[in-house]
> 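What follows is a structure written as structure tokens; I'll ask about it next.
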Amino acid sequence: GLDHIAISVDRTFGDTKGADRVAIHAWGYKDANRFLLDRVCERMTITGTITAILGMRARWNGITPGVARVRFILIEKAANGQAVMDLFDGQVSGSIPYKVRGNKYERAQITSYKFQAGNIWLPMPEHAPWVHEFVELHVNFTGAAGGADDDIDAESQMMIHLDDADAQKPDDALARITGRLGFIGKR
């Protein structure tokens with residue numbers, strides 16, 4: 001079985017015809033392997049985004065009793081990701097703001113190496129018809145501004161976060177959490 005499941009959200013401004021889409025992915029992970037379990041990628045309002053995130057979490061949280069459950073929700077801090085976090089207002093546990101590092105092409109490269117190594121697994125198209133579009137977006141990705149890159153952003157932020165040495169160190173994570181809450185060093 002999977003060790004854990006996590007959700008990655010690449011948020012955008014607005015839901016107008018020319019706007020980027022919101023990409024929400026559920027990723028399962030075990031050791032070095034990453035499994036794309038579910039995906040939503042469409043234009044949506046901020047309330048639509050929140051509904052979709054909560055729906056994704058409900059679908060994958062504790063799908064098998066005693067096994068993997070949604071450990072965290074990674075939300076891109078740019079665009080209006082912070083607004084989504086604010087609207088959660090402490091009601092959704094495990095929400096982590098993600099600050100993007102590097103350019104889109106550099107971030108996509110990290111993911112491409114994982115594909116080449118055989119560490120990223122996609123569902124069979126008969127179970128997830130959206131896989132065809134997902135693969136097509138990857139094949140046509142150039143890193144150029146204005147391209148269809150929402151899925152690639154949601155995917156790369158999750159891969160980078162899971163591989164980030166700081167995210168893997170429990171002592172550092174505890175220090176970040178307690179420091180943010182003001183428990184350490186404040187009198």
Side-chain angles (χ1 to χ4, degrees), residues 4-29 34-61 70-88 92-115 119-123 128-164 167:
H4 297 288
I5 297 171
I7 295 173
S8 182
V9 181
D10 176 58
R11 180 68 186 126
T12 186
F13 286 109
D15 66 342
T16 59
K17 187 174 182 176
D20 283 348
R21 298 180 301 170
V22 175
I24 304 170
H25 294 181
W27 285 93
Y29 51 103
R34 312 295 186 236
F35 303 87
L36 181 57
L37 304 173
D38 203 352
R39 166 205 184 242
V40 173
C41 189
E42 59 189 57
R43 288 178 185 88
M44 53 182 102
T45 63
I46 194 164
T47 54
T49 300
I50 290 170
T51 300
I53 292 168
L54 296 176
M56 182 81 69
R57 185 179 74 160
R59 273 195 305 281
W60 292 99
N61 207 11
V70 175
R71 175 136 267 184
F72 60 88
I73 303 170
L74 195 63
I75 302 174
E76 181 187 8
K77 199 172 180 178
N80 58 12
Q82 188 60 52
V84 171
M85 302 278 298
D86 292 345
L87 289 169
F88 281 163
V92 179
S93 66
S95 299
I96 301 171
Y98 181 79
K99 185 176 182 203
V100 174
R101 297 173 288 190
N103 65 44
K104 288 180 183 296
Y105 186 78
E106 292 166 343
R107 295 189 310 267
Q109 282 297 100
I110 291 169
T111 300
S112 72
Y113 299 136
K114 291 186 177 310
F115 272 109
N119 295 124
I120 293 182
W121 298 79
L122 302 177
W130 48 260
V131 165
H132 295 294
E133 180 188 16
F134 184 84
V135 170
E136 182 86 12
L137 290 170
H138 282 72
V139 168
N140 294 319
F141 178 74
T142 63
D149 55 18
D150 315 297
D151 278 319
I152 292 166
D153 288 345
E155 173 188 296
S156 65
Q157 75 185 21
M158 180 61 76
M159 298 306 116
I160 292 167
H161 181 79
L162 291 175
D163 288 346
D164 189 338

> Flag the pair I24 / I7 as yes when at least one side-chain heavy-atom distance between them is below 4.5 Å, and no otherwise.
yes
> In terms of relative ring orientation, are H4 and Y29 parallel, tilted or perpendicular, with 30° and 60° separating the classes?
tilted
> For residues E106 and G102, report the shortest heavy-atom separation together with the two atoms involved.
OE1-CA, 3.3 Å
> Considering only heavy atoms from C-beta outward, does the side chain of V9 approach that of M56 to under 4.5 Å?
no
> Among all residues two or more places apart in sequence or in another chain, which pass the side-chain contact (heavy atoms from CB on, under 4.5 Å) test with E133?
R21, R39, L137
> Could you tell me whether the side chain of M158 reaches within less than 4.5 Å of the side chain of Y98, counting heavy atoms only?
no
> F134 vs W130 aromatic rings, parallel, tilted or perpendicular, using cut-offs 30° and 60°?
perpendicular
> Looking at residues at least two apart in the chain, or sitting in another chain, which of them share a side-chain contact (heavy atoms from CB on, under 4.5 Å) with A58?
none
> Return the minimal non-hydrogen interatomic distance between T142 and Y105, and the atom names on each side.
O-CD1, 3.9 Å
> Could you tell me whether the side chain of K114 reaches within less than 4.5 Å of the side chain of D163, counting heavy atoms only?
yes
> Are the side chain of N140 and the backbone of E136 linked by a donor-acceptor contact shorter than 3.5 Å?
yes
> Do the side chains of D150 and V22 get nearer than 4.5 Å, heavy atoms only?
no
> For K104, what residues pass the salt bridge (charged side-chain N to carboxylate O under 4.0 Å, His left out) criterion, not counting sequence neighbours?
D149, D153
> A108 and I152: which non-hydrogen atoms are nearest, and at how many Å?
CB-CG2, 3.8 Å
> Could you check if a side-chain atom of I110 sits within less than 4.5 angstrom of a side-chain atom of S156, using non-hydrogen atoms only?
no
> For M159 and R34, work out which heavy atoms get closest and say how close.
SD-CG, 3.4 Å
